[in-house]
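First the structure, in the form of structure tokens, and then the observations on it.
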Amino acid sequence: MTQLLNADLHCHSVVSDGTLTPEALAERAKGNGVELWALTDHDEIGGLQRARDAAKSQGMGYLTGAEISVTFLHQTVHIVGLGFDADNTDLREGLRRTRGGRQERAMEMADGLAKVGIKDAYEGALKFVGNPELISRTHFARFLVESGVCKETNEVFRKYLTEGKPGYVPHRWALLKDAIHWITGADGMAIIAHPARYKFTPNEEFALFTEFKGHGGQGVEVVTGSHSVAEFGIYANTAKEFGLAASRGSDFHSPDESHTELGTLPPLPAGLTPVWELLSARIQ
Ligand code: AMP
Ligand code: MN
Ligand code: MN
Ligand code: MN
């Protein structure tokens with residue numbers, strides 16, 4: 001399998017904060033020429049059976065996937081797992097615990113929004129939720145757009161849902177070490193998602209990559225919808241420096257919101273080991 005394979009190994013369905021079903025995503029991916037696909041819902045693998053069946057009926061290669069929320073140095077970091085055994089008990093239990101607390105957090109977010117005059121945001125967000133265990137900031141963002149408070153979801157995050165803003169509630173997610181071990185213990189590969197999105201100092205970022213590698217992490221997203229072209233190059237170098245394989249994924253959530261369409265990113269820069277080369281035995 002080559003560097004040029006059209007692999008899209010990061011996207012979200014209604015099982016977390018995407019707006020399409022696993023079947024609609026698979027169809028869309030196939031329509032855009034994707035050859036190897038993974039659904040990576042946040043902290044949740046409830047959509048994977050449907051995703052696998054849909055990928056198979058579309059004739060695409062398929063890997064199991066999830067994107068796990070982790071707290072590292074007081075920031076939220078996302079770890080993508082690919083190619084794991086979705087029946088693994090420790091992984092399932094770890095994800096279940098990571099999902100726990102989202103509802104309480106959501107009610108606190110609504111309290112914060114009520115204080116600035118935005119009423120009934122919890123009920124409003126719930127209307128957009130496909131999976132009651134997975135209420136996320138994205139669902140609040142959709143409600144605030146629907147109710148005319150903001151024009152688009154990006155604006156909601158900027159004004160209401162990020163650190164220091166009225167609807168932001170600090171949260172403790174999984175430990176980095178645990179998330180990696182859940183994935184690798186289920187024979188999967190752990191991958192740092194969209195590293196350019198975090199606001200770490202260079203020393204903190206070095207600590208993230210060093211600890212990640214130390215706990216058995218093997219990959220990093222280099223070409224993602226969250227990175228600029230310059231960042232593709234920066235994290236290609238980071239991958240080489242740390243001896244990590246490179247991943248590619250759109251992080252597609254919705255036709256209306258996502259600026260990066262499934263399967264349309266450029267290929268990985270030369271000289272990297274694609275994660276799908278190391279995962280070939282796990283492709284279904
Ligand atoms: P949560 O897991 O509830 O904290 O929600 C995180 C999700 O919010 C991410 O996976 C993205 O889908 C979305 N998100 C985070 N930051 C932004 C942003 N600045 N603009 C739009 N969506 C964002
Ligand atoms: Mn998301
Ligand atoms: Mn993410
Ligand atoms: Mn994502």
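From a predicted model like this one, the values you see are computed outputs, not experimental measurements. Note that ligands are numbered from 1 as they come in the structure, with each ligand's atoms numbered from 1 the same way. In what follows, residues are counted from 1 in the order of the sequence shown.
- Heavy atoms of His253 found under 4.0 angstrom from ligand 1 belong exclusively to the side chain.
- Arg50 has a carboxylate O that lies under 4.0 Å from a charged side-chain N of Glu23, or vice versa, which qualifies the two as a salt bridge.
- If you check each of Glu67, His259, Arg105, His42 against atom 4 (O) of ligand 1, the one with the closest non-hydrogen atom is Arg105.
- If you look at Asp251 and ask which of its N, O or S atoms sits nearest the Mn ion (ligand 4), the answer is OD1.
- Ile180 approaches Gly217 most closely through the heavy-atom pair CG2-N, 3.8 Å.
- Thr264 and Asn32 are not linked by any side-chain donor-acceptor pair at a separation below 3.5 angstrom, with hydrogens and angles left out of the test.
- Residue contact annotation: His194 places no N/O/S atom under 2.8 Å from the Mn ion (ligand 4).
- Of all the atoms in ligand 1, the ones that sit under 4.0 Å from a non-hydrogen atom of Thr138 are 7 (C), 8 (O), 12 (O), 13 (C).
- With atom 13 (C) of ligand 1 as the reference point, the heavy atom nearest to it among Phe157, Phe140, Trp173 is part of Phe157.
- The two residues Gly65 and Leu82 make their nearest non-hydrogen contact at CA-CD2, 4.1 Å.
- Here the Mn ion (ligand 3) is the vertex; the ND1 atom in His78 and the OE2 atom in Glu67 give an angle of 80° (to 10°).
- At a heavy-atom cutoff of 4.0 Å, ligand 1 is contacted by the side chain of Arg102 but not by its backbone.
- Checked for salt-bridge contact, Glu108 and Arg105 miss the test: no charged N lies under 4.0 Å from a carboxylate O.
- Annotation: atom 6 (C) of ligand 1 to nearest protein heavy atom, Arg137 NH2, 3.7 Å.
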One pair to check against ring pair (Phe, Tyr, Trp, His ring centres under 6.0 Å): Phe143 and Tyr122. What are the steps and the verdict?
CA-CA 9 Å; Phe143 169 64; Tyr122 180 72; over 10 Å; no
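- Checked by distance only, ligand 1 and Asp17 come closer than 3.5 Å through their nitrogen or oxygen atoms.
- Among all heavy-atom pairs drawn from Gly216 and Thr184, the shortest one is O-CG2, 3.7 Å.
- Separating the NZ atom in Lys165 from the CG atom in Leu113 is a distance of 12.5 Å, to the nearest 0.5 Å.
- The nearest heavy-atom contact from the protein to atom 20 (N) of ligand 1 is Asn154 OD1, 2.7 Å.
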